[in-house]
Amino acid sequence: MVNLLSYFCIGVGIVFWFWGTFPLLGKRSLLFKLHSLSVADTLGSMSIIFGLLLKIPSEWSLLILALISLAIWNTILGYVLAYCSTTGGQND
Amino acid sequence: MNLLLIAMILALLIPMYEAWQDEDIWQKMLAFASIATKTSVMILVVSVLRDDWMIGVTGVIILSVGNAGLMLLAHVIKRVNDGVM
Amino acid sequence: MIDNYITAIVALLPLAAIMLTVQVNPYNALVIRGILGAVAALVYAVLGAADVALTEAMVGTMLSITLYAVAVRSSLVMRLGVLQDGQSEAKPIPDTASPLIEKLRAVARKYHLRLELVPYPDRQSLNQALLEKEVHVTCVAQSSPLETSQPYQTMTRIRRLHDIFQTELSALTTLTYLTPPTSGEQ
């Protein structure tokens with residue numbers, strides 16, 4: 001049962017990855033791509049790591065650390081990229 | 001589990017193609033950010049797959065430090081673009 | 001025994017390397033180098049070399065790319081010496097020269113160079129700066145305004161820049177190639 005749930009979580013995470021990465025190929029604006037990419041990537045990665053956590057609970061400290069750093073760093077990275085790209089674009 | 005890893009590699013190929021064909025540097029940076037996250041999560045998956053603590057620690061460190069390096073690079077590139085105007 | 005996924009992951013490495021070698025713009029190449037570093041770290045970790053992967057991520061991806069970005073930024077620059085407009089410190093660029101400056105900037109951008117304007121108070125110090133290799137190119141208004149079609153005089157001491165300018169902006173300015181006085185130094 002737990003094994004099935006963990007596979008489900010990892011599968012959902014990979015679906016999120018594809019869902020967030022496919023808009024990257026289109027001709028949309030940078031901020032639209034950044035939004036979809038950061039949201040879907042972070043949520044998908046967190047879902048995958050949660051699935052791994054269910055699979056092997058003995059490595060919980062490592063995986064919790066990965067979850068926390070993923071949530072914090074990726075959010076900040078999204079903000080930094082948006083800030084840098086918009087102020088750089090105005091001067092063009 | 002192997003199948004899941006193959007699917008992850010396929011998901012990794014999309015931003016690589018994007019980084020190759022798009023000329024705008026910020027689009028490339030986006031693809032780079034995506035690839036950095038995906039590779040470190042893949043390292044974590046492999047570590048759990050093999051039940052190997054060493055690779056797991058490496059994956060977590062790469063996950064957090066890679067993001068920090070990315071922010072640094074973003075700021076440097078912003079300065080470069082400001083200089084060109 | 002080698003699993004299927006290891007083969008697929010290792011195959012990503014030459015792919016990223018080929019992507020890196022076909023890049024023309026140095027900044028784009030730096031970003032692709034970061035992607036190559038991330039993929040390489042993944043390959044090393046999957047093959048079991050955790051220390052090598054860690055070094056690749058720290059030094060190869062983070063440190064070297066940042067240092068290279070700074071180095072490329074400070075080396076790919078074309079310094080253009082101009083005359084200061086009157087006594088006003090705030091506006092060193094003469095307004096009348098702006099179409100030429102714009103054109104120069106466009107040409108420089110085509111070759112991934114950055115244009116940096118260096119103001120000088122008078123003509124003599126401008127020439128001195130060109131001789132002493134403080135600037136690469138100088139641009140001044142023509143002293144005798146007889147030829148109205150080419151109101152500016154551009155001087156350079158670099159053969160390659162002279163060749164580029166000759167094809168790109170011979171309509172806007174007269175070009176002079178300054179041979180370096182001490183031969184063998186270039």
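Atom set for the values below is all heavy atoms of this structure, side chains included, hydrogens, waters and symmetry mates excluded. So you know, we letter chains A, B, ... as the sequences are listed, proteins then strands, and number each from 1.
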I need the residue from A:Leu62, A:Val80, A:Ile56 with the largest number of non-hydrogen atom pairs under 4.5 Å to chain B. A:Leu62
Top contributor to chain B interface from A:Ala66, A:Ser69, A:Gly20, A:Ser38 [non-hydrogen pairs under 4.5 Å]: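 If we count pairs closer than 4.5 Å to chain B, A:Ala66 comes out on top.
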When you check the side-chain N and O atoms of A:Asn74 and A:Asp41, is any donor under 3.5 Å from an acceptor?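 There is no such pair between these side chains.
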Examine the side chains of B:Lys38 and B:Ser34 and answer whether a donor and an acceptor come within less than 3.5 Å of each other. yes
Ignoring hydrogens, what is the shortest heavy-atom contact between [X] and [Y]? Give both atom names and the distance.
| X | Y | answer |
| --- | --- | --- |
| A:Leu53 | A:Trp60 | CD1-CA, 3.6 Å |
| A:Ala40 | A:Trp17 | O-CD1, 4.4 Å |
| B:Pro15 | A:Thr21 | CD-CG2, 3.4 Å |
| A:Phe18 | B:Ala11 | CZ-N, 3.7 Å |
| B:Glu18 | B:Ala31 | CG-CB, 4.2 Å |

Taking side chain as C-beta onward, heavy atoms only, is A:Thr75 less than 4.5 Å from A:Tyr79?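 Sidechains of A:Tyr79 and A:Thr75: in contact.
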Tell me, do A:Phe16 and A:Val39 make a side-chain contact under 4.5 Å, heavy atoms counted? no
Sequence neighbours excluded - salt bridge (Lys or Arg N to Asp or Glu O under 4.0 Å) pairs with any residue from residues 64-74 of chain B: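 Of all non-adjacent pairs touching residues 64-74 of chain B, none passes salt bridge (Lys or Arg N to Asp or Glu O under 4.0 Å).
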Name the one of B:Ile55, B:Leu44, B:Val65 that satisfies side chain to side chain contact (heavy atoms under 4.5 Å, CB included) with B:Val60? B:Leu44
Is chain A contacted by the side chain of B:Leu10, its backbone, both, or neither, given a heavy-atom distance below 4.5 Å? both
Less than 4.5 Å to any heavy atom of chain A: does that hold for the side chain of B:Leu63, its backbone, both, or neither?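 Side chain only.
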For chain B, which residues from residues 7-15 of chain A have at least one heavy atom closer than 4.5 Å to it?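 If one takes a 4.5 Å heavy-atom cut-off, the residues of residues 7-15 of chain A near chain B are A:Tyr7, A:Ile10, A:Ile14.
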Considering only heavy atoms, give the residues of residues 43-51 of chain A separated from chain B by less than 4.5 Å, sorted numerically, with 'none' for an empty result. A:Ser45, A:Ile48, A:Ile49
Any chance you could measure A:Trp73, atom CH2, to B:Leu70, atom CG, to the nearest 0.5 Å? 11.0 Å
Could you tell me whether a side-chain N or O of A:Lys55 sits under 3.5 Å from a main-chain N or O of A:Ser6, the two making a donor and an acceptor? no
Checking A:Ser36 against A:Phe22 for the side chain to side chain contact (heavy atoms under 4.5 Å, CB included) test, could you report, in this order, the C-alpha distance in whole Å, the side-chain angles of both residues, the deciding distance, and whether it holds? CA-CA 9 Å; A:Ser36 72; A:Phe22 267 121; over 6 Å; no
For atom NE2 of B:His75, decide whether the heavy atoms of other residues, nucleotides or ligands shown that lie under 6.0 angstrom number more than 12.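 Atom NE2 in B:His75 is crowded, with more than 12 foreign heavy atoms closer than 6.0 Å.
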For A:Leu63, is it the side chain, the backbone, both or neither that has a heavy atom under 4.5 Å from a heavy atom of chain B? side chain
So which part of A:Leu25 gets closer than 4.5 Å to some heavy atom of chain B, the side chain, the backbone, both or neither? both
For chain A, which residues of residues 47-54 of chain B have at least one non-hydrogen atom nearer than 4.5 Å to it? B:Ser47, B:Val48, B:Asp51, B:Asp52, B:Trp53
Applying side chain to side chain contact (heavy atoms under 4.5 Å, CB included) to A:Leu34 and A:Leu31, what does each step give before you reach the verdict? CA-CA 5 Å; A:Leu34 178 66; A:Leu31 288 182; 4.2 Å; yes
